[in-house]
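Down below is the structure, laid out as structure tokens.
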Amino acid sequence: MWGVKVVKKVHILGSGGREHAIGWAFKRCGFDVHYYPGNAGTLRDGTNHPFEGPNTISGICDEGIIIPGAEKYLVDGIGNLCRNVFGPVREVARLEGSKVYAKRFMKKYSIPTGRFEVAETPEELVHKLRDFAAPYVIKADGLASGKGVIIERDFSKAVEKGSMLIEGKLLRGVKGPVVIDEFLAGEELTAIAIVNGEDFSILPFVRDYKRLGDNDMGPNTGGMGAWGPVMIQEETMMRIEELFRRTLWAVKKEGGNYRGFLYLGLMIVEGSPYVLEYNVRLGDPETEVIVALNPEGFVESVLKAVNGEKITSMKPQLFAVDVVIASKGYPEAPMKGQKVAVPEEGFYFFAGVEKRNGEMVVSGGRVVHAMGTGYTKEEAKEKAYLWADAVEFDGKYYRSDIAK
Ligand code: AMP
Ligand code: GLY
């Protein structure tokens, strides 16, 4: 790959279920798997190492593949440090790192997205917001861990929250310009592609469940479960392919080159897809489902892309269901420190767990993903719930309607 020595070694940056799942797939394909930092569960499939920023990366620049899980690494410029990082350089990662940049990029290249304005001050916000209709959508420019979007029906509340966002009083560590976005009503869909610099291949579609409670009630979370593959109409698929094609062409026009995973957050409005957001990485929990559908196919597609070869499209061979087991109090203030037990034979991807005195304990809100696969969705769901029921820790919580 780009002159890098080819060894069957993969380095995965991050500590969640997505990262565990990527490593699990590579291990099945005979790779030596390393996590930075990983978690107590990733030890089942690889070796954990501390992550200490650029120093850690420079130590692994010349061997194997480096896959950043979360966006932060790429937005911070990990992709600029070595050639074996499978992900875009900092300049291209602005597609996720800056909403202002992403919206201007889409406008410039006629990529369908909602009408928008940028506001840098509360005064500008009031003034520009008057040109929009309720519900009002206001977005933080920079990374905000999925919390940077305000959707508000009431004009004065929208102004109040938006102003707080600009002044850094709404979210810790987030301040500055905001995007006022046109509200789009439709059906949400995520499309993720593997990109090799020239060419791309769309991964199987996955439905995820963002709300905490059954029947999509309660607060938004990082995701409470997912299933796939979801079938998409041929017509919609062709339009989505066109969005990827245009985006990658536009990246080139801007002087960049895309290599890695490209995630489109879409709203399908009367059959036409609009881009709500770009992400420059895989999704979580989408990844857990995608790799379970066909781990060897996933790895093969990534390796082709890494080598700049024509990417074989990854065909799902099964159905897969992911039920997230969270800790009581999630997403606000999850309970931590409880001992976690799972049956040895179960199928799990671990997230918020750490080792303490030789035991696995809860260290985050989403603790473990209980996985099920099968030749039908029904079978996959039953297995996922079998493994979900078998997880033991105090304050265990999960939705009962994933894939139902
Ligand atoms: P984003 O991080 O931009 O994907 O926004 C997070 C969520 O907010 C999306 O998944 C949508 O549910 C919602 N959202 C964002 N932008 C819009 C929009 N322009 N119209 C309607 N809903 C939106
Ligand atoms: N599942 C949503 C995300 O990874 O952004």
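Remember, it's a predicted structure, so these values are computed and weren't measured experimentally. One-based numbering, in listed order, for ligands and for the atoms of each.
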Please state which protein non-hydrogen atom is closest to [atom] and give its distance, to 0.1 Å?
atom	result
atom 12 (O) of ligand 1	Glu188 OE2, 2.5 Å
atom 16 (N) of ligand 1	Lys139 NZ, 2.9 Å
atom 5 (O) of ligand 1	Val149 CG2, 3.4 Å
atom 20 (N) of ligand 1	Leu184 N, 2.8 Å
atom 19 (N) of ligand 1	Glu182 O, 2.8 Å
atom 2 (C) of ligand 2	Tyr263 OH, 3.4 Å
atom 17 (C) of ligand 1	Leu276 CD2, 3.6 Å

Need the ligand 2 atom indices (1-based, order shown) with element for anything under 4.0 Å from a heavy-atom of [X].
X	value
Asp284	1 (N), 2 (C), 4 (O)
Gly283	4 (O)
Asp208	1 (N)

List ligand 1 atoms under 4.0 Å from Asp181, heavy atoms only on the residue side. 19 (N)
Distance filter under 4.0 Å to Lys99 heavy atoms, resulting ligand 1 atoms: 1 (P), 2 (O), 3 (O)
Could you see which bit of Asn279 sits under 4.0 Å from ligand 2, with heavy atoms only: side chain, backbone, both or neither? side chain
Under 4.0 Å between heavy atoms, the region of Glu96 that gets near ligand 2 turns out to be neither
Check for me whether the distance between the ring centres of [X] and [Y] falls short of 6.0 Å.
X	Y	value
Phe51	Tyr36	no
Tyr136	Phe155	yes
Phe261	Phe86	yes
Phe349	His369	no
Trp249	Phe244	no

For ligand 2, find out whether one of its N or O atoms is nearer than 3.5 Å to an N or O atom of Glu286. yes
Can any side-chain N or O of Arg94 pair as donor or acceptor with the backbone N or O of Ala102 at less than 3.5 Å?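 The answer is no, because no donor-acceptor pair under 3.5 Å joins these two groups.
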Is a side-chain N or O of Thr221 found less than 3.5 angstrom from the main chain of Lys210, in a donor-acceptor match? yes
Could you tell me whether ligand 2 has any atom less than 4.0 Å away from a heavy atom of Arg281? yes
Given Glu288 and Arg18, is the salt bridge (charged side-chain N to carboxylate O under 4.0 Å, His left out) satisfied, shown in steps? CA-CA 6 Å; Glu288 287 86 327; Arg18 165 181 49 203; over 6 Å; no
Pairs of nitrogen or oxygen atoms closer than 3.5 Å, one from Glu277 and one from ligand 1: do any exist? yes
Does Glu242 come within less than 4.0 Å of Arg246, counting only side-chain N to carboxylate O?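 Judged by the 4.0 Å cut-off on N to carboxylate O distance, Glu242 and Arg246 do form a salt bridge.
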Can Lys139 and Asp181 be counted as an ion pair, charged N to O under 4.0 angstrom?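 Yes, Lys139 and Asp181 are salt-bridged.
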If we count only non-hydrogen protein atoms and require a distance under 4.0 Å, does atom 7 (C) of ligand 1 qualify as touching the protein?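 Protein heavy atom within 4.0 Å of atom 7 (C) of ligand 1: absent.
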Looking at ligand 1, does Ile151 have a heavy atom less than 4.0 Å from it? yes
Assess whether side chain to side chain contact (heavy atoms under 4.5 Å, CB included) is satisfied between Arg211 and Met224, documenting all intermediate values. CA-CA 7 Å; Arg211 300 295 190 118; Met224 293 302 295; over 6 Å; no
Show your reasoning for whether salt bridge (charged side-chain N to carboxylate O under 4.0 Å, His left out) applies to Glu182 and Lys103. CA-CA 11 Å; Glu182 176 186 7; Lys103 291 292 281 191; over 6 Å; no
